[in-house]
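Written out below as C-alpha cells is the structure these notes cover.
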Amino acid sequence: MEKWMLIDGNSIAYRAFFSMPLLTNAAGQHTNAVFGFTLMLLKLLDQEKPTHVLVAFDAGKITFRHEGYTEYKGGREKTPPELSEQFPVLKELLNAFNISQFELSGYEADDIIGTLTRVADEKGVSTVVVTGDKDMLQLASDKVTIAVTRKGVSEVDLYSPEAIQEKYGLVPLQIIDLKGLMGDTSDNIPGVPGVGEKTALKLLHEHGSVENVLDNLDKLKGKLKENIENHKDDAIMSKRLATIFREVPIEQGTDEIRYDGYDAVKLAEAFRKLEFKSLIERLQLGADAGDAEEAAQASAAELSIHVIESDKDEALLEQLLQTLEKTDKNGLYIESVGENPHHAELIGMAVAAEEAVYALPITVLEQPFAAKLRDWLEQPSKPKYGFDLHKAELALTWRGIGFKGAAFDVQLAAYLLDPTEASQTLSGINEKHSLPAVPSDDAVYGKGAKFKVPAAATLYRHLALKAEAVRRLVPIMTEELGRTGMSKLYFDLEQPLSRILAGMESLGIKVEKRELETLGSDLERQLTAIISDIYKHAGTEFNIGSPKQLGEILFDKLGLPAKKKTKTGYSTDAEVLEELAPYHEIIPLILHYRQLSKLQSTYVEGLLKEIREETGKVHTYYRQTIAATGRLSSQFPNLQNIPIRLEEGRKIRKAFVPSEPGWYILAADYSQIELRVLAHISGDANLKEAFINDMDIHTKTAMDVFGVTAEQVDSNMRRQAKAVNFGIVYGISDFGLSQNLGITRRDAGQFIEQYLEVFEGVRRFMDDIKTQARKDGYVTTLLERRRYLNDINASNFNIRSFAERTAMNTPIQGTAADIIKLAMVQMDAALRERKLKSRMLLQVHDELVFEVPEDELELMKSLVPEVMAGALTLDVPLKADVNYGVNWYEAK
DNA sequence: ACGATCACG
DNA sequence: ACGTACGTGATCGTT
C-alpha cells in the first residue's frame, strides 16, 4: 500500500525557525530551522511510515499569482538572512535522508503539493500533507489528510474533511472562501476590512461561498454591508489568490519520490557537520559521542592487532604478506615525527588487511627477514591505500627505502572534498564519517613542547587504529569523489601530481652557499650603517625591529602623526611609513632597514640554514592540501616567495644554480593566466578578443576604460588599468581599488563601472557566480575543484562580502592552479617519454623552473612553453614565456 | 602561541 | 551604512 507524505518545505522551515532559539554550529552556520525541520521529519516518518516522501519548495519570488496583483506577499518582512542561509543546508540534509525535493519556477510549494494531492485523489492513494499553513486545508479529502504544525513544529494537528467540518463547519473547498473574506496579512491578501475569522465563518455558514455572500448583500446591514459592498473586487481577488493551483506541469512520475529510508553514513556525516549530537545518538548513527579514548579502546579491543618486532614474528609477517597477496584492499599508515618530512624520523607503520592489522617499527624494514614487505612497499604494481603518502614517501626515501604504488590517499581526497576543512587529521576525517573513533595525534603524542612518543604498545595500537581507519575510509571517500564530480580531478591530476612533487622535492635545488654569504656580509655592512644612522636621528638606541618601540619613537618621541592603529598599538607598516616619509628623515632609513633585515634574516640566514651540507641543495616541501583555491604551498624553505620585485632582493636568485656543471636554469611562466582564465569562464567577448590578438591586456583595458587609442595610453593610465585588472581577479570592491590607487572611493567606483560596461561578460560572470554560490553553497573551478562558502548568505555585511569576493576569485585562481598542475603532469610525462636529462625543480604558481643540460636547451626552450600553453584548451590561447641563464636570477 | 610585518603569485 | 582587495609562509618581538 502506497502512502504519500508531501511536505511544504518553506512553510515548515519558517515555523521551525521562529519556534526555535537561534542555534549555530562551530562554523557559525545557523542551524535552528534545520534542527526543527529534522525533528518534525523524524517524528512524522515514524508516525506515518510513508512509502513516498516529497518536500516542495517555493522557487523564485515571482509566481503566477503576481500577474494582476503585484503586491502579492508584498507586505511580508524579508526572509531573515539567518533563515535563508539555512535553505541550502536543509536541502543537503534532505539529500542525506534520500528524500526527494521539488521546486518549479513560477509556482509555490502549495501548488506543487496541490497538484500531487489531485493525483493522489485520482489514484486513491492515502496521503498526508505537512504544512504550517491552514490554507492547505482546502486540499483535504477522504484520501488526503492535512497535518498542520502546532506550537513549534514537532506537534501536528491532523485535519480530515470531518475534522474541518467539526472545527469550522465548512467543507475543505470553503477554506478558500474563508480566506477570500478574511484575507491573510502574511501573504498580503486583503480580504474584506472588518471581517475576521468569526464574521467570515458566520457569513459562510449562511451563504456558502463568497459569490453567494455578494449576491445576498441586501440581507446584511450596517458597517458590514458597507465594507463588503466597497470591497467586492478585493474579496473575489482574494479568493482567487487563496486558491491553490492544482494543475502544475509536473513531468516526472511519482515513483521518483519513493522513500526507502535514509543512508545512515550520509546522514551521520550531515548531522555531525551540523553538530546535532543528540540526533546522532537518537538514531544510533555512529560511535557514541562519549570519551574518545574509551571509544578507541573499545574499537581497538575488537581489532586484532599483530605486532611484528623481530624475526621471531616472521610467521605473522608471512600472514600479512599472504593477505596482501589475496586482496588489494588495505590501509597503510606510516608515522613520522616532525613537520618537515625531509628531516622526519620514521617511528613505525601499520597495515590493515582484511580483519587484522599489523604494526611494526620502521627498523624492522631494514632487517633481512622483512625484505618481502619492503618489496611490497617498493612495487608499483602493489596498490597502497594510505594517509599523506606524500610525506611518507619522502621520509622513506631519506631512509633509503623506496615507495611506489600509491593507489589512494585519504588526506588528499579529504582536501578535495573540502579544502577549507581545518581538521585534515585522520582522526577528524574519521569522526566526520562517524566511523569508530581514532584518538587524535595530539591526544596520543601531546603537542608542542609536550610532544613525546608513547610506549611501544600504545604507539602500535594508535597506528593500527589509523591504518584500520584508512582502510574503511577509502571506499567511502572514493564514492564521495564520484558523487561530487571530482574523481577525474583526483585520479588523473592530484594523485599523479603528488608523486611528481615528491620527486621534485627529493631532487632539491642547488644553492650556492658562497653567493649567499657574500650577499650576507654586504647586507651586514649596510645594516650596521643604517642602524647607527637611525639611532642618531632618534636620539636614542632602541630595537628597530620592535613595532612597539618603533611606534613609541616615531609617534610619541618624534611626534609624527599616527595614521593607523593595530590591535596592539600604532601601526608602523610600510604603507603608514611611506605616508610619513615627508615629515622626517628617519622614515626612509627605517624602510630601508626593514627591507635589508628581511633579506638578511629570511633569505640569507634562513636559506643558509636549509642547505644540506652533503649536497649543497635545499629541499622544499610542497603541500598539496593547504590552499583553499587548489594552489600548492611551499615550506622549509618556502621557495615560492624568493624576492624578485626589487633589485636588491632579486640578487638572492643568483644563489640558485644548476646542480650539474655546465647546465642551465630554465624558467617558464604563464602570461596573464588568471585574466585569460577569466576571459574563458566569463565568455566576455571583448576580453577574449584581446587575448586572441595577444594584446597587452593592461593597455587594452586602459584604452577601453578611458576611451582612448593605444597611442594615448600613458604609463599612469596603464598603471591604473593594471590595478583594476588585479581588482577584478580579487573580486572587486571600490574601497579596495581606491586604497590601492590612492584615489577616492567615488572615482574607484566609476572606474569599476566603466570597466564593467565595456567588459559586460565579466559583470555577468560576477553576478552569476554569486547567485550560484548562494544557491549551491560552493563554487567550482574548470576541473570541478570545489570550495564551500559557508558565509555566502551571512547577515553580517563584512562576512558576506568576503565570501562574495572569494566566490569571484576562487574559480579564477583555482582554475589557474588546475592548469599549471596539468602542465606539471604533462611535463613530467614529456621528460620521461623523450628520456631527457632535464629536471623539473620548482613551481611558483604560474611558473615552472627546470635545470637543463646544454644539449637540451634548445629543445626545452620550445617544449616547456608548448606543454604549458597546451595543458588545457580554452576559448583563448594560453601563453608561456621562457628564459634561461646560469642561475635563477639570469633566467629572466 | 600570536600578531605584525613583508616576501611571493 | 557597513569597511575590504585573493592566496600563501618565515621571521621577529611580545604575551
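Protein chains get the first letters and strands the later ones, always in sequence-line order, with residue 1 at the start of each.
Applying a 4.0 Å cut-off to non-hydrogen atoms, none of the residues of residues 667-678 of chain A approaches DNA chain B.
Under the salt bridge (Lys or Arg N to Asp or Glu O under 4.0 Å) criterion, A:Asp441 pairs with A:Lys466, sequence neighbours left out. Contacts of A:Thr806 classified as side chain to side chain donor-acceptor pair (under 3.5 Å), with partners at least two apart in sequence or in another chain: none. With sequence neighbours excluded, the residues that form a ring-ring contact (aromatic ring centres under 6.0 Å, His included) with A:Phe706 are A:Phe751. When the side chain to side chain contact (heavy atoms under 4.5 Å, CB included) test is applied to A:Pro877, the partners found at least two apart in sequence or on another chain are A:Arg676, A:Ile692. In this structure, the side chain to side chain contact (heavy atoms under 4.5 Å, CB included) partners of A:Leu558, at least two apart in sequence or on a different chain, are A:Ile553, A:Leu554, A:Leu560, A:His584, A:Ile586. Contacts of A:Phe797 classified as ring-ring contact (aromatic ring centres under 6.0 Å, His included), with partners at least two apart in sequence or in another chain: none. When the ring-ring contact (aromatic ring centres under 6.0 Å, His included) test is applied to A:Tyr622, no partner is found at least two apart in sequence or on another chain.
As rounded to the nearest Å, B:dC6 and C:dA1 have C1' atoms that lie 33 Å from one another. To the nearest whole angstrom, the two P atoms, one in C:dT4 and one in B:dG3, are 16 Å apart. B:dA7 and C:dG3 have their P atoms separated by 29 Å, given to the nearest Å.
Ring pair A:His342/A:Tyr621 is perpendicular by interplanar angle, where above 60° counts as perpendicular and below 30° as parallel. By the 30° and 60° cut-offs, the orientation of the rings of A:Phe555 relative to A:Tyr570 is tilted.
As judged by a 4.0 angstrom heavy-atom cut-off over every strand, A:Arg645 is placed among the base-contacting residues. Residue A:Ala816 is classed as having no contact, given no heavy-atom separation below 4.0 Å to the nucleic acid. Using a 4.0 Å heavy-atom criterion, one finds that A:Ile812 contacts no nucleic acid atom at all.
One atom, CZ of A:Arg745, and another, P of C:dT4, lie 11 Å apart when rounded to the nearest Å.
Judged purely by atom type and a 3.5 angstrom limit, A:Arg631 has no side-chain atom pairing as donor or acceptor with the backbone of A:Gly814. Judged by distance alone, the side chain of A:His680 and the main-chain N or O of A:Leu874 form no donor-acceptor pair under 3.5 Å.
For residues 793-802 of chain A, the side chain to side chain donor-acceptor pair (under 3.5 Å) pairs, not counting sequence neighbours, are A:Glu82-A:Ser795.
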Please encode protein proximity along nucleotides 5-15 of chain C as a string of B, S and -, counting only heavy-atom distances under 4.0 Å.
BBBSBBSSSS-

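Here the side chains of A:Tyr603 and A:Pro643 are in contact, with some heavy-atom distance below 4.5 Å.
Along DNA chain B, read 5' to 3', the first and last nucleotides having any atom under 4.0 Å from a heavy atom of chain A are B:dA4 to B:dG9.
Taking a pair as Watson-Crick or G-U wobble with both distances under 3.5 Å, DNA chain C forms stems of 3 or more consecutive pairs at B:1-9 with C:6-14.
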